[in-house]
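A short write-up of the structure that comes next.
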Amino acid sequence: MGVAIGIPEPYRTQLQDWRERLGDPNASLIVPHVTLLGPTTVRLADLPAIEAHLSRAAVPNDPFTIRLAGSGTFRPLSPVVFVALVAGAARCARLAAAVRSGPLERPLTFAYHPHVTVAHDISEDGLDNAYEALSDYSAQFDVRGFGLYERGPDLRWRQLRFFPFGRSGGAPRSAGGGHRAGVGSQE
């Protein structure tokens, strides 16, 4: 499973199309997102406690704006090109810390750096092309919650639940059986 802020339309499709055009082998498997908790193996029996924890992590938050602008890279440490967050990164970092507490407490291999991956595990020339092609990319959208994702047997990531900000006591919303809803929106 993983926890992420989904990118709403029309930006989700724009970024998905870029990832496909750039030749990323995972383009059809991963919906554009800002990771709060990367892929994590959990026991099915722990899922109710994890969902309760995520609901509690979402409640004290208000909607906020993410602004994406330009490209960045993690090279040489990792063969990744991404679209950078120029607004909303601090809020994402606080959310990620809250998500990675309690039953999801995990050490980080690298410092948390919110971003939207657009190219991963492609050739160096492809990464250079991705970096240049997206250097002028920009988007802005409101974030109203985050989602819990599951990697299915077909290796695609699907949203299981959406956890809206500012709602206490209620059950998290279902994503409708894996529908590609953006976790940042209430689709």
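For the pair Ser28 and Arg156, the minimum side-chain heavy-atom distance is below 4.5 Å. The shortest distance between side-chain heavy atoms of Leu148 and Leu47 falls below 4.5 Å. Considering only heavy atoms from C-beta on, Met1 comes within 4.5 Å of Leu104 through its side chain. Side-chain contact between Asp128 and Arg75 is present, with heavy atoms from C-beta onward closer than 4.5 Å. Annotation: side chain of Gln14 is not in contact with side chain of Ile7 (no heavy-atom distance under 4.5 Å). A heavy-atom distance below 4.5 Å is not found between the side chains of Val118 and Asp24. Side-chain atoms of Phe141 and Ile66, non-hydrogen and from C-beta on, do get closer than 4.5 Å to each other. Side-chain atoms of Leu68 and Leu15, non-hydrogen and from C-beta on, do get closer than 4.5 Å to each other.
Heavy atoms only, all atoms of each residue included: Ile122 and Ala119 are closest at CD1-CB, 3.7 Å. Between Ser135 and Ser71, the shortest heavy-atom distance links the atoms CA-OG, 3.5 Å. In terms of heavy-atom proximity, Cys92 sits nearest to Leu85 at SG-CD2, 3.8 Å. Residues Ala58 and Pro164 share a closest heavy-atom pair of CB-O, 3.5 Å. Contact between Gln16 and Pro32 at its shortest, heavy atoms only, is OE1-CD, 2.8 Å. Val31 and Arg12 make their closest contact through CG1-CD, 3.6 Å (heavy atoms, listed as atom of the first residue, atom of the second, distance).
The backbone N or O of Arg100 sits nowhere less than 3.5 Å from a side-chain atom of His53 that would complete a donor-acceptor pair. Judged by distance alone, the side chain of Thr13 and the main-chain N or O of Pro10 form no donor-acceptor pair under 3.5 Å.
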Audit row: Arg161, Leu54, side chain to side chain contact (heavy atoms under 4.5 Å, CB included) steps and yes/no: CA-CA 10 Å; Arg161 300 279 185 274; Leu54 293 174; over 6 Å; no
Test log, rule side chain to side chain contact (heavy atoms under 4.5 Å, CB included), inputs Arg94 and Asn61: CA-CA 10 Å; Arg94 285 194 298 274; Asn61 293 281; over 6 Å; no
Audit row: Leu95, Phe64, side chain to side chain contact (heavy atoms under 4.5 Å, CB included) steps and yes/no: CA-CA 11 Å; Leu95 275 174; Phe64 66 97; 3.8 Å; yes
Stepwise side chain to side chain contact (heavy atoms under 4.5 Å, CB included) test for Asn26 and Arg19: CA-CA 8 Å; Asn26 293 308; Arg19 201 164 179 169; 4.3 Å; yes
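Applying the ring pair (Phe, Tyr, Trp, His ring centres under 6.0 Å) test to residues at least two apart or on different chains, none of the pairs has a partner in residues 8-30. Applying the ring pair (Phe, Tyr, Trp, His ring centres under 6.0 Å) rule to pairs touching residues 76-104 yields Phe74-Phe82, Phe82-His113, Phe82-His115, sequence neighbours excluded.
Tracing side-chain contacts under 4.5 Å through hydrophobic residues (I, L, V, M, F, W, Y), one never reaches Tyr112 starting from Val86; they form parts of separate clusters. Under the 4.5 Å side-chain heavy-atom criterion for grouping Ile, Leu, Val, Met, Phe, Trp and Tyr, Tyr149 is connected to Ile30 within one hydrophobic cluster. Placement of Ile50 and Phe163 within a single hydrophobic cluster is found when ILVMFWY residues are connected by side-chain heavy-atom separations under 4.5 Å, directly or transitively. Residue Val80 is not grouped with residue Leu37 when hydrophobic side chains (ILVMFWY) are merged at heavy-atom distances under 4.5 angstrom, including chains of intermediate members.
Judged as a side chain to side chain donor-acceptor pair (under 3.5 Å), and not counting sequence neighbours, the contacts of Asp154 are Arg158. Residues passing the side chain to side chain contact (heavy atoms under 4.5 Å, CB included) test with Pro79, sequence neighbours excluded: His120, Asp121, Leu127. For Asp17, there are no salt bridge (Lys or Arg N to Asp or Glu O under 4.0 Å) partners, not counting sequence neighbours.
Around the CD atom of Glu132, the shell of radius 6.0 Å holds no more than 12 heavy atoms that belong to other residues, nucleotides or ligands.
Rounded to the nearest 0.5 angstrom, Arg151 CZ and Leu29 CG are separated by 7.0 Å.
Residue Phe110 is found in a hydrophobic cluster whose other members, listed by chain and number, are Leu77; membership requires side-chain heavy atoms under 4.5 Å apart, directly or through intermediates.
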